[in-house]
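Step one of this worksheet: look at the structure below.
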Amino acid sequence: MEGGKPSTQRHSSGAVRPIVLVVVAVSLVAVLFMATRVSPGCRPLLKAVYQQGLGRAGPSATADPLLGGLLSPDFDDRSCLSRSRASLYRQPSLHNLSSHLVSRLRRYESLHQLCGPGTPAYSRAVARLREAMDGHASSNSTSSSDTECSYIIWTPVEGLGNRILSTASAFLYALLTDRVLLVHHPADDLNDMFCEPFPGSNTTWVLPEEGFPIQGIKGLNVRTRESLGNALGRGEGSRDPPAPWLYVHLQTDYKPDDRRFFCDDGQETLRGVRWLVLRSDNYFVPGLFFLRRYEEELVRLFPRRDTVFHHLGRYLFHPSNTVWGMATRYYSSYLAPAEERVGIQVREFKYARISADQRYKQIISCASRESLLPAVENATLPSSASAHHQEQEQEQTKRKAVLIVSLNGDYYDKLSSLYYEHGAAAVTVSVFQPTHLGTQHSEKRQHNQKALAEIVLLSFSDVVVTSAQSTFGYVSQGLAGLRPWVLMLPVDGKVPDPPCRLASTIEPCFMKAPHYDCRTRGDSDNGKVLPYIRQCEDVSYGVQLVE
């Protein structure tokens with residue numbers, strides 16, 4: 001079947017210990033993508049997971065669908081099943097929420113309902129923007145009872161992980177600056193991916209493109225005249241009145257003046273601008289901590305600084321019913337019977353090439369060295385072993401499910417063969433790979449839906465192994481709330497020593513940190529400015545939040 005492993009099952013022969021069960025390959029495409037919507041008929045399946053004692057948060061009566069107040073109760077659960085049911089599958093969060101974050105989220109939701117698309121305030125704000133861009137004074141006089149709304153428009157880049165991390169960063173900036181976050185969908189590759197994150201049937205977080213005054217958003221780049229960096233470079237930072245809109249360019253190719261977004265003069269320039277357009281392929285949250293004007297608020301929002309994406313990710317990113325159905329049907333059918341689930345995410349990069357054999361060796365070395373997977377046995381029981389003895393061992397066997405997420409099917413083939421041919425004492429190891437698409441196609445909606453379903457499945461794991469510098473892995477570990485074992489980049493095409501490291505934080509890496517000194521306008525090492533921001537373990541030029 002295209003996009004997935006064949007749905008086959010291997011049976012152990014007499015040469016294999018009977019306590020070593022089958023290693024199964026399952027096709028997420030063939031089996032679970034057949035139904036594209038979740039119906040009430042799925043509820044008994046979810047209930048069955050609970051009855052078997054496999055639910056992540058125990059019986060449904062004790063589950064916390066609102067995640068300790070992180071989520072608003074003002075939603076229709078049927079419109080977004082993942083919002084109310086994610087707590088049934090994931091481990092309960094060990095990271096406490098601050099009451100200030102909960103309060104601030106409710107305040108933002110009220111602001112979005114007041115200023116979001118479809119509201120009178122939004123219509124007035126768009127009319128004022130249009131007139132300002134045409135060079136006319138606004139004919140819409142602002143009375144004392146009017147709300148002057150401010151906005152930040154996020155526009156996508158390539159890569160699902162990049163998109164999720166930059167959206168979370170943009171939302172935190174919106175919280176800090178009392179702006180309304182709008183997402184720009186220039187194509188259908190993000191349609192039917194996520195639920196609306198904010199309550200209110202009268203509005204949306206999607207920017208209505210028809211009739212919107214700022215044209216060509218998709219083509220904005222580092223050379224755009226209306227960018228913050230170019231405005232500062234021309235000495236127009238203190239413009240009065242402020243520009244009607246500005247573009248913030250925080251992609252990896254950003255210039256020194258663009259990096260002044262993380263400086264006080266850059267923020268002062270943006271303060272009076274009602275409309276911002278942002279493009280970023282970075283998790284730039286650590287950079288916001290460099291800004292003294294937001295330091296006190298950030299400390300109140302996140303007393304533990306290493307939980308920013310964990311909380312914001314669980315708040316914002318609820319898979320659509322289509323994607324949620326893909327993930328939960330797969331989980332309930334194949335992963336739920338295990339007592340422990342190990343997620344292994346493997347990503348290859350052209351700039352860090354390694355053969356499939358060497359990469360597999362790295363995975364096995366990491367799993368063995370850190371006791372993530374059981375050791376295999378070379379010896380097998382003699383064929384005359386008693387059936388009674390076999391049945392006793394079978395009953396004592398612990399079930400472990402290994403989920404492989406990779407564009408390449410080789411790692412599944414090798415790992416499944418290893419446990420099928422040799423087995424492991426007192427442990428039944430089943431290996432699964434939902435898809436092996438070969439290449440990444442983030443411009444295609446169906447590809448993105450499958451990728452998001454795999455992120456969700458990884459976030460259901462008890463142990464996570466991720467690949468260095470992978471934003472896909474960063475998202476999965478953040479949603480799971482787990483410090484991952486990170487497969488380090490190869491050295492000269494060979495397995496590094498050590499093959500993996502336990503990350504010091506669950507926070508993603510800001511891979512292209514500004515490394516800019518706002519005072520001297522020169523280079524600086526951002527990993528040495530604040531005690532809770534350090535160099536990333538997997539990206540030498542990146543920084544991340546630690547506790």
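By convention here, the first residue in the shown sequence is residue 1. All heavy atoms count here, side chains included; hydrogens, waters and symmetry mates do not.
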* Any luck finding a side-chain donor-acceptor pair between N230 and S227 under 3.5 Å? -> yes

Distance-only criterion, 3.5 Å: show the donor-acceptor pairs between side-chain atoms of residues 210-223 and protein atoms not counting sequence neighbours.
residue: Q215; atom: NE2; partner: F212; partner atom: O; Å: 2.4
residue: N221; atom: OD1; partner: R223; partner atom: N; Å: 2.8
residue: N221; atom: ND2; partner: G219; partner atom: O; Å: 3.2

List the atom pairs, donor and acceptor, that lie under 3.5 Å between side-chain atoms in residues 114-121 and the rest of the protein, sequence neighbours left out.
residue: T119; atom: OG1; partner: L114; partner atom: O; Å: 3.2
residue: T119; atom: OG1; partner: G116; partner atom: O; Å: 2.6
residue: T119; atom: OG1; partner: Y122; partner atom: N; Å: 3.2

* Asked: Has R83 got its NZ or CZ under 6.0 Å from the middle of the six-membered ring of F75, at an angle within 45 degrees of the ring axis?
  -> yes

* Asked: With distance as the sole test, does R259 use its side chain to make a donor-acceptor pair with the main-chain N or O of Y254 at under 3.5 Å?
  -> yes

* Non-neighbouring partners of H310 that pass side-chain hydrogen bond (donor to acceptor under 3.5 Å, both in side chains), sequence neighbours left out -> S93

* **Residues, nucleotides or ligands: over 12 heavy atoms within 6.0 Å of R234 CZ** => yes

* Structure fact -> E537 meets the salt bridge (charged side-chain N to carboxylate O under 4.0 Å, His left out) criterion, sequence neighbours left out, with none

* Asked: Just checking, is any N or O donor in the side chain of W154 or S166 under 3.5 Å from an acceptor N or O on the other one?
  -> yes

* R239 side chain to P241 backbone, donor-acceptor under 3.5 Å -> yes

* Pair listing, salt bridge (charged side-chain N to carboxylate O under 4.0 Å, His left out) test, anchored in residues 94-114, at least two apart -> R104-D178, R104-E297, R106-E109, R107-D178

* When the ring centroid of F194 is compared with that of F317, is the distance short of 6.0 Å? -> yes

* Heavy-atom donor-acceptor pair, S467 side chain to Q345 backbone, under 3.5 Å -> yes

* To do: State whether the number of non-hydrogen atoms from other residues, nucleotides or ligands found under 6.0 Å of K255 atom NZ is greater than 12.
  => yes

* **side chain to side chain donor-acceptor pair (under 3.5 Å) pairs, two or more places apart, involving residues 283-294** => D264-R293, Q267-Y294, E268-R293, Y283-E507

* To do: Please confirm whether Y315 and Y108 have ring centers closer than 6.0 angstrom.
  => no

* To do: For the residue pair F510 and F262, categorise the inter-ring angle as parallel (less than 30°), tilted (30 to 60°) or perpendicular (more than 60°).
  => tilted

* Between the side chains of R341 and S461, does any donor sit under 3.5 Å from an acceptor? -> no

* **Within 6.0 Å of CZ in R483, more than 12 heavy atoms from elsewhere** => yes

* To do: Indicate whether any N or O donor in one side chain lies under 3.5 Å from an N or O acceptor in the other, for S540 and Q535.
  => no

